[in-house]
Amino acid sequence: MEVRVRFAPSPTGYLHVGGLRTALYNYLFARHNNGKMILRIEDTDRTRFVEGATENLIKYLEWSGISFDEGPHIGGNYGPYIQSERFDLYKKYGMQLIEKGQAYYAFDTSEELDLMRERQQKAGVAPKYDRTSMKNQFTLGEDKTKDLLSQNVPFVVRLKVPFEGEIKFKDMIRGEVTVRSRDVDDQILLKSDGFPTYHLANVVDDHLMGISHVIRGEEWLPSTPKHILLYQSFGWEAPDFAHLPLLLNKDKSKLSKRQGDVAVEDYVGKGYFKEAFVNFIALLGWNPTSDREIFSMQELIETFSLEKVNKSGAIFDITKLNWMNSQYLRTKSLNELADFIIPFLQNINFNFISKDYLMKVIDLIKERIDNLIELPEFAPYMFAKPKEYDQDFIKKHWKENTQNTIEKYFVELKNITNWDYQTLHDFTQKYCEENNLKLREIVHPLRIMITGKSVGAGLFETMSLLQQNDVLDRIFYFLENIALKLR
RNA sequence: GAUCCUAUCGACUAAUGGUUAGGUCACCAGCCUUUCACGCUGGCAAUAGGGGUUCGAAUCCCCUUAGGAUCACCA
């Protein structure tokens, strides 16, 4: 049987990192098994509709490198792929269940339902629709029901869950799960506005779209018995289920907005590479061997299996993501890196001089940062004269005789004709030897004068990238304006 | 409260009845050195607790504890 899986988000605004991982696992499973990956938009709740959310979802799914074979943006033989466009279908199937006696009409108002739950709460029993005492097809009788229907009184359709027996299903990650039927609620299938609930829509669509495996978050585990019951009621074969462990906050609760960024776009904005982000997300809850950490999308596809997905939730801690990002930073080409960072720089009006020059700077600092977005802060001196100087570093390295030493060295530096790394390095080393100086007695003061900072790439590499007159200006300026005040 | 799920270093995880319980990130130390990094070497650090089953249990079973998810005319 062909593997067909789907990612079925609801368009409520943005792509959640947990959603991205669910989509990724679906994608990896599909590609690993030469199956089909389907995108379906679950927008049956009109009150939560957000303009542009679907486009946004697709944008970041595409950013991550997850591709689809069918979906609202590309079509397919099982469309439409947006549930609101399948409106009539659900009604038809809902009615079919009523005819089969597997579902029924109910006319309770939300106030009446609230009261019911209140009563149950007080009595200490689990809140659950009581079809023996509420206002529905059974308590009202056939005639009264028809009456209300013909008067267009608002109604919902509920699933008729048997009072006896148990519901069993096999989860590919958790094994067999058993729930007593009497613990399952008479779920609303069709709302009074005629739209289906998630439960009806997802079962109908998964069946009609030929979905072979439902891979979704663990939050759906408790409602899976309802879905199993629905498949049985329709007389359809249920797909295989795999419920993924949740992504967690630091305090182990379900990953939420309140405790940090949860939108994929936030991490895009923070300068993470998609390769690093996908790699990181993939390893949160799944691991092929644990003897390696870096996987390309292709390698993820080759090694992925649902059997190796963990049962327990994983804390979304970006410490390791930062390291992964640094790994990708070191392997990408300078051209690629420049193209990546230029839009970020333009966005903050940072003058990077030229792409060619930018590439040289990146080459110098890429092993010293985890994320390219740190570049303007890490090495502003490569693009403009320093505006401030690290005082601690000055205190530490600007000694009694430093002024004297540097002034003499400065004179010689002016005479250098080949302004390149090798010349600068050899010259300085020789100068130190001849004057009985340690290299650091020159290098450290020079660094602070030229960069203003205590940290950075090799000093001679840094100097050679800058223009000779620029470097001389910086030293002169420091000697004249800053060093004097140190006395 | 009810139902369901889960439980290995601080974090991500490996070990599917036999290992000194392994790796990666983070952290700490040393080496390298031109600062900071990188790199290299080493270190810290875990089977929630209690019962079984077994020659042997992180692994299988039960109980306890803890955490989480869910209990909507939301998905």
Side-chain angles (χ1 to χ4, degrees), chain A residues 8-12 42-45 47-48 83 106 108-110 113-114 117 120-121 124-128 154-158 171 173-174 177-180 182-185 187-199 201-202 217-225 243 245-246 248 250-254 280 283-294 307-308 310-324 326 330 365-370 378 390 393 396-397 425 428-429 438-440 442-444 446-448 451 453-461:
Chain A
S10 65
T12 52
E42 310 223 325
D43 60 345
T44 53
D45 183 2
T47 61
R48 293 218 299 179
Q83 288 187 330
D108 317 273
T109 62
S110 25
L113 291 169
D114 287 344
R117 284 185 203 106
Q120 291 167 330
Q121 206 106 67
V125 294
K128 180 172 175 281
F155 67 90
V156 299
V157 172
R158 283 182 182 269
D171 185 275
I173 293 166
R174 282 149 223 286
V177 178
T178 308
V179 178
R180 283 188 303 270
R182 64 176 145 98
D183 290 326
V184 178
D185 202 0
Q187 186 63 49
I188 288 180
L189 267 18
L190 288 170
K191 301 181 249 182
S192 55
D193 64 2
F195 269 77
T197 56
Y198 168 84
H199 307 283
N202 110 80
E218 191 189 339
E219 68 266 30
W220 294 111
L221 199 52
S223 54
T224 304
H243 287 93
L246 261 20
L248 274 23
K250 278 228 163 42
D251 68 358
K252 291 187 188 276
S253 58
K254 187 172 157 185
F280 173 67
L283 263 31
L284 243 34
W286 168 78
N287 203 300
T289 51
S290 103
D291 60 356
R292 57 183 285 209
E293 304 289 329
I294 304 298
E307 288 69 35
K308 288 231 161 205
N310 281 307
K311 291 185 181 75
S312 54
I315 295 175
F316 184 74
D317 179 352
I318 61 169
T319 309
K320 201 166 187 173
L321 168 62
N322 289 328
W323 170 78
M324 268 188 186
S326 76
R330 290 164 54 192
I365 67 162
K366 66 176 186 173
E367 294 210 345
R368 280 158 236 269
I369 54 179
D370 289 339
F378 186 84
D390 186 314
F393 201 68
K396 198 170 169 192
H397 294 290
H425 176 267
T428 308
Q429 198 147 55
K438 298 265 198 251
L439 191 61
R440 59 173 172 271
I442 295 278
V443 167
H444 294 340
L446 220 47
R447 174 180 297 284
I448 195 75
T451 73
K453 286 174 164 280
S454 63
V455 302
L459 183 67
F460 303 119
E461 285 93 336

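Every heavy atom of this structure was used, including side-chain atoms; hydrogens, water molecules and symmetry mates were not. Naming convention: chains lettered A, B, ... in sequence-line order (proteins, then strands); numbering from 1 in each chain.
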- Greater than 12 external heavy atoms within 6.0 Å of Arg440(A)'s CZ: no
- Query: Does any nucleotide pair with C55(B) by Watson-Crick or G-U wobble geometry, both distances under 3.5 Å, and what is it?
  - Reply: G18(B)
- Roughly how far apart are Glu293(A) CD and Lys320(A) NZ, rounded to 0.5 Å? 4.0 Å
- Query: Are the side chains of Leu221(A) and Arg174(A) in touch, meaning some heavy atoms are under 4.5 Å apart?
  - Reply: yes
- In 5'-to-3' order, the base (B), backbone-only (S) or no-contact (-) status of each nucleotide in nucleotides 23-37 of chain B, using a 4.0 angstrom heavy-atom cut-off, is BBSS-------BBBB
- Task: Rounded to whole angstrom, note down the P distance from U6(B) over to C63(B).
- Result: 14 Å
- Query: Is Lys311(A) atom NZ crowded by more than 12 heavy atoms from other residues, nucleotides or ligands, each under 6.0 Å away?
  - Reply: no
- Query: Considering only the P atoms, how many Å lie between A14(B) and U8(B), rounded to the nearest integer?
  - Reply: 11 Å
- Message: Would you call the rings of Tyr198(A) and Trp220(A) parallel, tilted or perpendicular, taking 30° and 60° as the class edges?
- Response: parallel
- Within the structure shown, what part of the strands sits under 4.0 Å from Lys308(A) by heavy-atom distance: base, sugar-phosphate, or nothing? sugar-phosphate
- Is a side-chain donor-acceptor pair under 3.5 Å present for Ser312(A) with Asn310(A)? no
- Message: In whole Å, measure the gap between the P atoms of G50(B) and C9(B) for me.
- Response: 16 Å
- For Ile315(A) and A11(B), give me the distance from atom CD1 to atom C1', rounded to whole Å. 7 Å
Between the protein and nucleotides 5-7 of chain B, are there any N/O to N/O pairs under 3.5 Å, and if so, what are the atom names and distances?
residue, atom, partner, partner atom, Å
C5(B), O2', Arg174(A), NH1, 2.7
C5(B), O2', Glu218(A), OE2, 3.2

- Message: Give me the distance, rounded to whole Å, that separates G22(B) from G42(B) when you measure between the P atoms they each carry.
- Response: 14 Å
- Task: State, yes or no, whether a side-chain contact exists between Phe460(A) and Val443(A) at a heavy-atom distance under 4.5 Å.
- Result: yes
- Nearest 0.5 Å, what's the NE2-CG distance between His199(A) and Leu189(A)? 9.0 Å
- Rounded C1' spacing from A29(B) to A45(B) in Å: 15 Å
- Query: Is there side-chain contact between His243(A) and Pro222(A), with heavy atoms separated by less than 4.5 Å?
  - Reply: no
- Roughly how far apart, to the nearest Å, are U47(B) and A72(B) at atom P? 40 Å
- If every non-hydrogen atom of Lys128(A) is compared with every non-hydrogen atom of Val184(A), which pair is closest and at what distance? CE-O, 2.9 Å
- Message: Using a 4.0 Å heavy-atom cut-off, does Gly217(A) contact any base of the nucleic acid, only the sugar-phosphate backbone, or nothing at all?
- Response: nothing
- Hunt down the Watson-Crick or G-U wobble partner of C71(B), both distances under 3.5 Å, from any strand shown, or write none. G1(B)
- Rounded to the nearest 0.5 Å, what separation is found between the OG atom of Ser253(A) and the CG atom of Leu246(A)? 9.5 Å
- Task: Determine the contact category for Thr12(A): base if any of its heavy atoms lies under 4.0 Å from a base atom, sugar-phosphate if only primed atoms, P, OP1 or OP2 are that close, otherwise nothing.
- Result: nothing
- Could you run through nucleotides 70-75 of chain B and give me one letter per nucleotide, 5' to 3': B if any protein heavy atom sits under 4.0 Å from the base, S if only the sugar-phosphate is that close, - if neither? SSSBBB
- Query: With both distances under 3.5 Å as the test, what is the Watson-Crick or G-U wobble partner of U65(B)?
  - Reply: A7(B)
- Task: With a 3.5 angstrom cut-off on both distances, give the Watson-Crick or G-U wobble partner of U41(B), or none if there isn't one.
- Result: A29(B)
- When rounded to the nearest 0.5 angstrom, what is the spacing between OG1 in Thr319(A) and CZ in Phe280(A)? 8.0 Å
- The reported gap from NE2 in His425(A) to CG in Leu459(A) (rounded to nearest 0.5 angstrom) is 10.5 Å
- Taking the C1' atom of each, how far is U3(B) from A11(B), in whole Å? 31 Å
- Query: Of the nucleotides U13(B), U3(B), G67(B), which one has an atom closest to the side chain of Asp183(A)?
  - Reply: U3(B)
- Distance, C1' atom - from G30(B) to C55(B), rounded to whole angstrom: 46 Å
- Message: Let me spell it out: for each of Asn310(A) and Arg180(A), pick the nucleotide of RNA chain B with the closest heavy atom. Which residue's pick is nearer the 5' end?
- Response: Arg180(A)
- Message: What is the separation between atom CD1 on Ile294(A) and atom C1' on C12(B), rounded to the nearest whole Å?
- Response: 13 Å
